[in-house]
Enquirer: 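Okay, handing you the structure first.
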Amino acid sequence: GYLSIAYGAGILRSSEHAHEDDVHNEHDDKISSTFAQHLELVYELNHRQQMCYGPVLDIGFEKGKVHYMIGLHIGYIF
C-alpha cells in the first residue's frame, strides 16, 4: 500500500439566513465567501490494478472552524 497526502485550498460559498423569524424566503439569504483549506490522508491498497481503496482521514479548515471525517476511499486509476 501507499500513503497519499492531498491538500486543497479554495473559496467556500455559503448562505446565511438574514432574519430571525420562522418565515424563510430564499431572497433573504446572504451569500458569504471565505477562504477554506482541506487536508486528506489516504492509505491506498491494491494500487497495481485499476481500482484502489483504503481508509481516509479528512480535515477541513474554514474561518475558525474545523471538521473531521473518517471513511473509505475508493478510486479508479486511469
Side-chain angles (χ1 to χ4, degrees):
Y2 298 92
L3 179 64
S4 296
I5 301 172
Y7 171 80
I11 303 296
L12 175 67
R13 294 183 44 92
S14 60
S15 64
E16 299 175 1
H17 190 59
H19 297 289
E20 299 288 328
D21 58 12
D22 292 331
V23 178
H24 178 72
N25 182 346
E26 68 181 56
H27 298 291
D28 292 337
D29 290 346
K30 292 181 356 184
I31 303 295
S32 64
S33 298
T34 186
F35 179 70
Q37 302 175 74
H38 170 88
L39 179 66
E40 183 176 295
L41 303 170
V42 179
Y43 187 73
E44 296 182 44
L45 304 168
N46 196 30
H47 201 272
R48 294 186 180 108
Q49 297 177 12
Q50 289 294 111
M51 299 292 290
C52 61
Y53 53 88
V56 61
L57 171 62
D58 179 285
I59 304 170
F61 306 96
E62 62 173 271
K63 196 177 179 181
K65 298 178 185 176
V66 178
H67 76 262
Y68 305 93
M69 180 199 70
I70 297 174
L72 177 66
H73 164 84
I74 300 172
Y76 178 75
I77 300 169
F78 53 95

Enquirer: State which residues pass side chain to side chain contact (heavy atoms under 4.5 Å, CB included) with S14; sequence neighbours excluded, sorted by chain then number.
Expert: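 Counting only residues at least two positions away or on another chain, S14 forms a side chain to side chain contact (heavy atoms under 4.5 Å, CB included) with S32.
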Enquirer: Which pairs with one or both residues in residues 62-72 pass side chain to side chain donor-acceptor pair (under 3.5 Å), sequence neighbours excluded?
Expert: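 Every pair satisfying side chain to side chain donor-acceptor pair (under 3.5 Å) with a residue in residues 62-72: there are none.
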Enquirer: Side-chain contact test, heavy atoms from C-beta onward, threshold under 4.5 Å: evaluate it for H73 versus C52 and give yes or no.
Expert: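 They are in side-chain contact.
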Enquirer: How about L39 and L57: do any of their side-chain heavy atoms sit closer than 4.5 Å?
Expert: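 Answer no - side chains too far apart.
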Enquirer: In Å, rounded to the nearest 0.5 Å, how long is the span from CG of L41 to CD1 of I70?
Expert: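 If we round to the nearest 0.5 Å, L41:CG and I70:CD1 are 11.0 Å apart.
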Enquirer: From E40 CD over to I59 CD1, what is the distance, rounded to the nearest 0.5 angstrom?
Expert: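 Rounded to the nearest 0.5 Å, the CD-CD1 separation comes out at 10.5 Å.
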Enquirer: Linking directly or through intermediates, with side-chain heavy atoms under 4.5 Å: list the remaining ILVMFWY members grouped with V56, chain and number order.
Expert: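 V56 clusters with V42, M69.
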Enquirer: Measuring from F35:CZ to L12:CG, what's the distance to the nearest 0.5 Å?
Expert: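 One gets 11.0 Å once the value is rounded to the nearest 0.5 Å.
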Enquirer: Looking at every heavy atom in both F61 and V66, which two are closest together, and how far apart are they?
Expert: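 Residues F61 and V66, closest heavy atoms: CD2-CG2, 3.8 Å.
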Enquirer: So, taking the atom named CD1 in I31 and the one named CZ in R13, what distance separates them when rounded to the nearest 0.5 Å?
Expert: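 Spacing of CD1 (I31) from CZ (R13) equals 6.0 Å.
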Enquirer: Would you give the length of the straight line joining atom CE of M51 to atom OH of Y76, rounded to the nearest 0.5 angstrom?
Expert: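 The distance works out to 8.5 Å.
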Enquirer: Return the minimal non-hydrogen interatomic distance between L72 and P55, and the atom names on each side.
Expert: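 For L72 and P55, the tightest heavy-atom pair comes out as CD1-N, 4.5 Å.
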Enquirer: Between the side chain of E44 and the main-chain N/O of G1, is any donor-acceptor distance below 3.5 Å?
Expert: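 Not at all, since once roles are kept as given, no pair shorter than 3.5 Å links the two residues.
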